[in-house]
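Have a look at the structure below before the remarks.
Computed from a predicted structure; not experimentally measured. Along the sequence shown, residues carry numbers from 1.
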Amino acid sequence: MNISFFDSIQEYFGESSTEPAQYSSLALAYIGDGVFDLIIRTIILDLGNGKVKDFHRMASNIVKAPSQARIIRSVFDELTEEEMAVYKRGRNAKSATSAKNSSITDYRIATGFEALTGYLYLENRLNRALEIIKLGMERAGFMPLHKYGQPPKKSIDKNIKNMK
């Protein structure tokens, strides 16, 4: 029997006494950021062997706030009332940090997305988070990251420029 990643962590380290809804929005965004990053890194690694700096560049392009904002905006109509409430709570949270390379609007929207991802992960509903992420990436133009094993278009364009 396969158990989930989340269940494995709880089995080895013990179950949390805190319910996901009890965490602050920024705590949910903190764990959601890590979960989203792991999902994207896993997808990118599946492209095949390559240079780690290329993996990092691809991942950074997707996990940055403007990209996360595009992803979540594209799936608003698919969210349940509960999911929208968690997203809005995260979006409206006041963070001590500020956006470095994005607008404050995109940064807050991305924080809401991360909070929702973290909430679904802590609810042991990672499959639902994956559904939202996949649909959002498709609608936002991030999928497929590769087609028939080909690297993304940006890498192809870069390689063509380097050949001249």
Side-chain angles (χ1 to χ4, degrees), residues 1-48 52 55-100 102 104-146 152:
M1 168 177 90
N2 281 340
I3 63 170
S4 72
F5 179 68
F6 182 79
D7 287 335
S8 294
I9 293 170
Q10 288 195 327
E11 181 180 308
Y12 279 87
F13 297 99
E15 289 190 29
S16 174
S17 60
T18 307
E19 293 295 318
Q22 294 175 314
Y23 286 105
S24 73
S25 296
L26 294 178
L28 292 174
Y30 169 76
I31 193 70
D33 177 55
V35 171
F36 183 64
D37 190 61
L38 181 60
I39 291 166
I40 297 305
R41 286 175 182 231
T42 303
I43 294 167
I44 289 171
L45 192 64
D46 192 45
L47 295 175
V52 173
F55 292 156
H56 177 71
R57 188 175 298 123
M58 290 170 63
S60 295
N61 188 47
I62 298 170
V63 301
K64 63 186 179 181
S67 298
Q68 289 181 352
R70 274 180 46 200
I71 290 167
I72 192 65
R73 280 184 181 120
S74 72
V75 294
F76 280 156
D77 59 329
E78 303 294 329
L79 300 180
T80 66
E81 282 185 37
E82 172 195 22
E83 292 164 350
M84 186 58 86
V86 171
Y87 158 76
K88 285 180 178 179
R89 207 176 102 206
R91 180 198 62 196
N92 295 334
K94 301 293 184 231
S95 174
T97 61
S98 61
K100 291 180 220 162
S102 68
I104 191 67
T105 301
D106 279 350
Y107 185 77
R108 290 214 170 130
I109 290 170
T111 302
F113 170 69
E114 291 170 345
L116 175 59
T117 302
Y119 176 79
L120 291 171
Y121 168 74
L122 292 173
E123 281 282 330
N124 204 9
R125 293 169 41 202
L126 186 58
N127 282 345
R128 176 60 179 153
L130 292 170
E131 286 175 19
I132 292 167
I133 291 166
K134 183 179 181 194
L135 182 61
M137 288 178 63
E138 288 169 349
R139 288 182 178 177
F142 292 111
M143 289 293 282
L145 290 177
H146 59 87

message: Working to the nearest 0.5 angstrom, can you tell me the gap between I133 CD1 and T117 OG1?
response: 4.5 Å
field: Q10/N124 under side chain to side chain contact (heavy atoms under 4.5 Å, CB included): CA gap, chis, key distance, verdict
entry: CA-CA 11 Å; Q10 288 195 327; N124 204 9; 5.9 Å; no
- request: Before giving the answer on side chain to side chain contact (heavy atoms under 4.5 Å, CB included), spell out for L120 and V35 the whole-Å C-alpha distance, their side-chain angles and the decisive distance to 0.1 Å.
  value: CA-CA 10 Å; L120 291 171; V35 171; over 6 Å; no
query: If every non-hydrogen atom of G90 is compared with every non-hydrogen atom of T111, which pair is closest and at what distance?
result: O-CG2, 3.5 Å
field: Residue pairs passing the salt bridge (charged side-chain N to carboxylate O under 4.0 Å, His left out) test where at least one lies in residues 14-33, sequence neighbours excluded
entry: none
R125: salt bridge (Lys or Arg N to Asp or Glu O under 4.0 Å) partners, not counting sequence neighbours: E82, E83
- prompt: Who passes side-chain contact (heavy atoms from CB on, under 4.5 Å) against E131, sequence neighbours left out?
  reply: R128
message: Going by the rule salt bridge (Lys or Arg N to Asp or Glu O under 4.0 Å), which residues pair with D7 if we only count those two or more places apart in sequence or in a different chain?
response: none
message: Among residues at least two apart in sequence or on other chains, which ones pass salt bridge (Lys or Arg N to Asp or Glu O under 4.0 Å) with R73?
response: D106
message: Taking ring pair (Phe, Tyr, Trp, His ring centres under 6.0 Å) as the definition, give me every residue that meets it alongside F76, ordered by chain and number, with sequence neighbours left out.
response: Y87
task: Determine the minimum heavy-atom distance between A93 and S25, stating which atoms define it.
output: CB-CB, 3.8 Å
- prompt: Among all residues two or more places apart in sequence or in another chain, which pass the side-chain contact (heavy atoms from CB on, under 4.5 Å) test with T18?
  reply: S16, Q22, Y23
- prompt: Would L126 and S4 count as a side chain to side chain contact (heavy atoms under 4.5 Å, CB included) if you check the C-alpha gap in whole Å, the side-chain angles of each, and the deciding distance to 0.1 Å?
  reply: CA-CA 9 Å; L126 186 58; S4 72; over 6 Å; no
field: Partner set under side-chain hydrogen bond (donor to acceptor under 3.5 Å, both in side chains) for N127, not counting sequence neighbours
entry: none
field: Heavy-atom pair of closest approach, residues S74 and A140
entry: OG-N, 4.2 Å
message: Keeping S67 on the side-chain end and V63 on the backbone end, is there a donor-acceptor pair under 3.5 Å?
response: no
- request: List the steps and the verdict of side chain to side chain contact (heavy atoms under 4.5 Å, CB included) for R108 and K94.
  value: CA-CA 9 Å; R108 290 214 170 130; K94 301 293 184 231; 3.9 Å; yes
field: E114 side, atom CD; L26 side, atom CG - distance, nearest 0.5 Å
entry: 10.0 Å
Under the ring pair (Phe, Tyr, Trp, His ring centres under 6.0 Å) test, residues paired with Y121 that sit two or more places apart: F6
task: Could you check if a side-chain atom of R89 sits within less than 4.5 angstrom of a side-chain atom of L28, using non-hydrogen atoms only?
output: yes
statement: Residues passing the side-chain contact (heavy atoms from CB on, under 4.5 Å) test with A21, sequence neighbours excluded, are Y119
task: Return the set of residues passing side-chain contact (heavy atoms from CB on, under 4.5 Å) with S60 (not counting sequence neighbours), or none when no residue passes.
output: H56
query: Looking only at heavy atoms, what is the nearest atom pair of L116 and V86, with distance?
result: CA-CG1, 3.8 Å
field: Residues which pass side-chain hydrogen bond (donor to acceptor under 3.5 Å, both in side chains) with R139, listed by chain and number, not counting sequence neighbours
entry: D77, E78
message: Out of the candidates L45, D46, I39, only one should pair with I43 under the side-chain contact (heavy atoms from CB on, under 4.5 Å) rule; please name it.
response: I39
- line: Here the pair of heavy atoms bringing F36 nearest to I71 is CZ-CD1, 3.9 Å
